Amino acid sequence: MKIAISSDHGGNNLRKEIINLLTELEIEYVDYGPDSDASVDYPDYAVPVANDVVAGKADRGILICGTGIGMSIAANKVKGIRCALVHDVFSAKATREHNDSNILAMGERVIGPGLAREIVSTWLGTEFEGGRHGRRIDKMMELEKQ
């Protein structure tokens, strides 16, 4: 598995924590930064991750900003992305099982590093159930053609 990861300045510390987790889990990743805590615009960091996922250069993506809201909205503007904003373990599991989310968004100002690590571990370890959920995914993705 290969993960594309990025944040804005508001998610920089949590991104570094998640990179440590990916390293511990021996999961390959590409880090799109930023390299400092200087203010940046989150769409500039969300789109490269989303593009990598859509192009198959990464299997999934992780985006972090202050709340996770801006990153998730920006990522979901890219066709083919199903980015889920998650701040609890149950939702991390459900969004993989039912929604086949391909990007996870979180907010550094909303959750702490311990919970974030648990969310990411759960999200990475949960497979899509398919079946009736596949039909629903197909219907969602058809909306991009309107």
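What you are looking at is a predicted structure, and each value in this text was computed from that prediction instead of being measured. Here, residue 1 is the first one in the sequence, and each next residue gets the next number. The figures here come from the full heavy-atom set of this structure, side chains too, leaving out hydrogens, waters and symmetry mates.
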| note | CD (E118) and CG (L21) are apart, to the nearest 0.5 Å, by 11.0 Å

| query | So do V89 and L115 actually touch side chain to side chain, heavy atoms under 4.5 Å? | reply | yes

| query | Quick one: are V49 and D52 in side-chain contact, heavy atoms under 4.5 Å? | reply | no

| For K139, side chain to side chain donor-acceptor pair (under 3.5 Å) partners two or more places apart | none

| field | D100: side chain to side chain donor-acceptor pair (under 3.5 Å) partners, not counting sequence neighbours | value | R82, R96

Listed pairs under 3.5 Å, donor-acceptor, residues 62-72 side chains, sequence neighbours left out:
unit_1 : atom_1 : unit_2 : atom_2 : d
T67    : OG1    : I69    : N      : 3.1
S72    : OG     : G68    : O      : 3.2
S72    : OG     : I69    : O      : 2.9

| Shared-cluster residues of M141, by chain and number - hydrophobic side chains joined below 4.5 Å | F128, I137, M140

| field | Non-neighbouring partners of H98 that pass ring-ring contact (aromatic ring centres under 6.0 Å, His included), sequence neighbours left out | value | H133

| request: For residues 6-55, pull every pair meeting ring pair (Phe, Tyr, Trp, His ring centres under 6.0 Å), keeping only residues two or more places apart or in separate chains. | output: none

| field | Flag side-chain contact, heavy atom, 4.5 Å: M1 against R60 | value | yes

| Stepwise salt bridge (Lys or Arg N to Asp or Glu O under 4.0 Å) test for E24 and R117 | CA-CA 11 Å; E24 291 166 18; R117 289 172 66 99; 2.4 Å; yes

| request: Could you go through the side-chain hydrogen bond (donor to acceptor under 3.5 Å, both in side chains) check for S91 and D88 one step at a time? | output: CA-CA 6 Å; S91 297; D88 64 86; 2.9 Å; yes

